[in-house]
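A quick write-up on the structure given underneath.
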Amino acid sequence: MYGLIDCNNFYASCERVFQPKLEGIPIVVLSNNDGCVVARSQEVKDLGIKMGVPVFQIKNEIKQHNIKVFSSNYTLYGDISNRVMSTISEFVANYEVYSIDEIFVDFTGFEKHFDLVEYAKEIKNTVRRNTKIPVSIGIASTKTLAKAANKLVKKHHRDIGVCYIKNQIEARELLKDFDVADIWGIGRQYDRLLKKHGFNTALQLMDASDVWIRKNLSIVGERLVNELRGIPCIEMEEVKPNKKGICVSRSFGKMIDDLPTLSESLSTHANRASQKLREQNSNTSLISVFIHTNRFRSDLPQYFASKDIKLPIPTNDGGNIIKAALKGLELIYKEGYKYKKCGIYLNDITSADGIQQNLFEEDDSDKKNRLNKAMDILNKKFGKETLVYGVQGFKKEWKLRQENLSLSYTTKLSDIPIVNLNKS
DNA sequence: TCTGGGGTCCTAGGACCC
DNA sequence: TCTGGGGTCCTAGGACCC
C-alpha cells in the first residue's frame, strides 16, 4: 500500500502561515519575474482562474475580487516543505519526497495493524498542528492509484481529507468517472490521443488492449495501465539519485541588449550551477549556454541560440565553468537584439571522485577545490551570494522582478515575526 | 508594459563497428 | 535483375512531471 500526501494549494498556504488574516481571502502566487500564476488558493480556483495564466490577463479579476498577489518566495516554501516532510517522516519508515509539496509513503503492512484511514487522518492533523499546512492523502496499492485517490479527495472527500482505495473492485468503481486527463502520466498530447480513440475514463483505459497501449503510449503507458490495474510498476525512490543534468536560467526583469550585462547574468547562473554540481559531488564535462529574445514580442526581431562547450577535464569549479560559459556566450552573442533570457545546462555529469586528468594540462584542481569549499562554506553561513566572482557584477540590472515578495519568516533573523503582547 | 524554471524517461534514426 | 546481418552508441525530439 502506498500513500500520496500532497499539500493543498501549497504556496498559497505557505503565505498564510504567518499571515492568518489571509485565511478565506483569495491569494495567487506568481512565477519568477512576477509573470504567471503558479499557485492559487481555493477561493481563486473557485473563481475559475486557471493555473499558468499570465498575470496581466487577470488584472481585472484581481481588482474586482481583491485578490492578494505574491511573488514567489522559494526560501519560505522550501523551509515549510522541510517541516512538513519531517513531520510525516515520524509516521512511516519508508518514504519518497516527490516534489516540494508531495511525498509518497510506504504503508505496506500497516493495514494489518491500523485502520489506514484513521492513521492517515492522524498524519494530516499532526501536519496541520505542527506546520499549519493542510494536506490531502490518497492511499492505494500502486503509486498511480494513490495519486488518483489523492485527486478524489479533492473532489469528494474534502471534509475527511483522505481517500483509501482498498482493492481493485473499489478502484474500478471509483475510476469509472475519472477523466483520463487526470491520471498521473497522461499529459495534453496523450489525453487528446486517448479521447480520439474513445478512452475517456480511467476505467476504460484499465481495460484497454496491451498491444494498442504499447504501440501508442510506449512502455511508459504500459506501466501506467498496469499500475491502474493494481500491479505496481513504479517503485519508491527513497534516496534521491544524483541529477543527470543541471540547468540554471532566468528571464530578465527588463530586456538586455549588451554583452557585458548578459555576461554578468550568465556568470551568476554558471556559478549557481557549479554549486549545485558540488552539492552532489559531481563534475561536468559538457556545458551548454543559451540566450534568446522575447518570443511573445512578434514586433521585435527574434533570435534563439545555444552553444555547447566540451571541457577537456571534468570539473565542478565555479571559475572554470564561468569561463567556459562566457566563451560560449561570446560565440553566439549578436548585436541588435533585445534579449529576454539566458541560461546554462551542465551535462555529461560524472562523480567528482577519481577524475581522469589530462596529460597536457597542469593539474590545479586541489587548489580550486579548496577555494570552492571555502566559498560554499561562507555562502552557507552568511547567506548565498555573500562571496561571488567579480564577473557576476554588482548592479544586477537584469535581476528578477519581485514586487510582492513576502518576508523570509523562518530563515532570516530580521524577518522573524514579532508578537506584540501589550497590544493583545 | 506584462507570458516561469526546473527535471525525467523513451524512441527513432543516423553513424559507426565487424 | 540482383546488393547481408548483426550489433552499439549517440543525439534530437517528444512525451511527461512538479
Side-chain angles (χ1 to χ4, degrees), chain A residues 4-7 9-11 28-39 50-60 62 69-74 77-78 81 96-104 143-144 147 150-151 180-194 213-224 227 233-235 237 240-255 265 269 272-273 276 280 286 288 290 292-300 306 308 310 338 340-349 399-404:
Chain A
L4 175 70
I5 308 178
D6 147 307
C7 303
N9 315 323
F10 183 55
Y11 296 169
V28 291
V29 179
L30 304 183
S31 60
N32 273 331
N33 235 351
D34 291 348
C36 300
V37 171
V38 293
K50 294 256 158 42
M51 175 71 174
V53 288
V55 67
F56 71 88
Q57 286 176 9
I58 56 160
K59 268 189 314 204
N60 293 339
I62 290 174
V69 177
F70 288 94
S71 305
S72 29
N73 184 345
Y74 288 107
Y77 312 150
S81 171
E96 171 191 343
V97 175
Y98 178 65
S99 74
I100 195 164
D101 70 335
E102 280 173 87
I103 179 171
F104 283 105
K143 287 169 106 178
T144 305
K147 269 275 200 184
N150 192 286
K151 285 247 172 185
V180 283
D182 290 335
I183 300 171
W184 188 41
I186 301 297
R188 279 233 295 275
Q189 303 301 320
Y190 284 165
D191 178 42
R192 218 169 41 197
L193 180 82
L194 288 171
I213 293 295
R214 177 66 208 237
K215 188 158 164 262
N216 291 281
L217 274 71
S218 86
I219 186 132
V220 182
E222 198 174 324
R223 279 200 286 257
L224 184 157
E227 284 250 319
C233 302
I234 307 173
E235 309 227 315
E237 268 182 8
K240 278 265 163 284
N242 279 347
K243 289 179 178 41
K244 296 169 180 172
I246 287 172
C247 173
V248 178
S249 73
R250 293 286 182 280
S251 304
F252 308 127
K254 59 176 189 185
M255 290 196 269
S265 164
H269 301 336
R272 175 69 193 121
K276 289 188 179 187
Q280 64 170 43
L286 179 61
S288 321
F290 65 87
H292 63 74
T293 49
N294 187 342
R295 67 182 198 279
F296 295 104
R297 290 293 297 271
S298 46
D299 54 322
L300 294 175
S306 73
D308 292 350
K310 282 207 162 64
K338 302 254 182 224
K340 181 63 182 168
K341 186 170 176 176
C342 74
I344 180 167
Y345 278 98
L346 307 183
N347 281 302
D348 283 8
I349 288 177
K399 74 173 191 302
L400 293 173
R401 250 197 323 272
Q402 289 186 308
E403 288 170 359
N404 302 291

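In this text the structure is predicted, and so the values were computed from the model without any measurement. Here is how names work: the chains are called A, B, and so on, in the same order as the sequence lines, proteins then strands, and each is numbered from 1.
- One finds the CG atom of A/Leu4 at 9.5 Å from the CD atom of A/Glu96 (value rounded to the nearest 0.5 Å).
- Between A/Lys276 and A/Leu346 the shortest side-chain heavy-atom distance does not fall below 4.5 Å.
- Classified by interplanar angle (parallel below 30°, tilted 30° to 60°, perpendicular above 60°), the ring pair A/Tyr345/A/Phe290 is tilted.
- Not one side-chain nitrogen or oxygen of A/Ser31 sits closer than 4.0 Å to the OP1 or OP2 atom of B/dT3.
- Looking at heavy-atom distances under 4.0 Å, A/Leu217 makes no contact with the nucleic acid at all.
- The main-chain N or O of A/Cys342 is never found under 3.5 Å from a side-chain atom of A/Ser249 such that the two would form a donor-acceptor pair.
- Within residues 340-347 of chain A, the residues having any heavy atom under 4.0 Å from DNA chain B are, by residue number, A/Lys340, A/Lys341.
- Following rounding to the nearest Å, A/Lys338 (NZ) and B/dT1 (C1') show an atom-to-atom distance of 14 Å.
- The strand DNA chain C forms stems, runs of 3 or more Watson-Crick or G-U wobble pairs with distances below 3.5 Å, at B:5-18 with C:5-18.
- A/Lys338 places none of its side-chain heavy atoms less than 4.5 Å from the side chain of A/Arg297.
- Atom CZ in A/Phe10 sits 5.5 Å away from atom CD1 in A/Ile100 (nearest 0.5 Å).
- Between A/Arg250 and the phosphate of B/dG6, there is a side-chain N or O to OP1/OP2 separation shorter than 4.0 Å.
- Counting only heavy atoms from C-beta on, A/Met255 has its side chain closest to B/dC2 among B/dG4, B/dC2, B/dT3.
- A donor-acceptor pair shorter than 3.5 Å cannot be found between the side chains of A/Ser71 and A/Asn404.
- Nucleotide B/dG6 holds its C1' atom 9 Å from the OH atom of A/Tyr74, rounded to whole Å.
- The distance between atom CG of A/Asp34 and atom C1' of B/dG4, rounded to the nearest whole Å, is 11 Å.
- Spacing between atom NZ of A/Lys276 and atom C1' of B/dG6 amounts to 7 Å, rounded to whole angstrom units.
- Contacts of A/Gly52 with the nucleic acid, taken as non-hydrogen atoms under 4.0 Å apart, are absent.
- For A/Asn33 (side chain) and A/Leu400 (main-chain N/O), no donor-acceptor pair under 3.5 Å exists by modelled atom type.
- In this structure, A/Val53 reaches neither bases nor backbone, as no heavy-atom distance under 4.0 Å exists between it and the strands shown.
- A/Arg272 comes within 4.0 angstrom of nothing in the nucleic acid, heavy atoms only.
- On the P atoms, C/dC18 is 25 Å away from B/dT3, given to the nearest whole Å.
- Rounded to whole Å, the distance from CD on A/Gln57 to P on B/dT1 is 14 Å.
- Between the CE atom of A/Met51 and the P atom of B/dG5 there is a distance of 14 Å, rounded to whole Å.
- OP1 or OP2 of B/dG5 lies within a sub-4.0 Å distance of a side-chain N or O belonging to A/Ser251.
- For B/dC2, the OP1/OP2 oxygens have no side-chain nitrogen or oxygen of A/Asn33 closer than 4.0 Å.
- A/Asn150 has its side chain out of reach of A/Trp184: every pair of non-hydrogen atoms, C-beta onward, lies at least 4.5 Å apart.
- Distance A/Phe252 CZ to B/dG5 P: 10 Å, rounded to the nearest Å.
- Look at CG on A/Asn32: it is 17 Å from P on B/dC2, rounded to the nearest Å.
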Per-nucleotide protein contact string for nucleotides 7-17 of chain C, where B marks a base within reach and S marks sugar-phosphate only (heavy atoms under 4.0 Å, - for neither): --------SSS

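- A distance of 4.0 Å separates CG in A/Asn242 from CD in A/Gln280, rounded to the nearest 0.5 Å.
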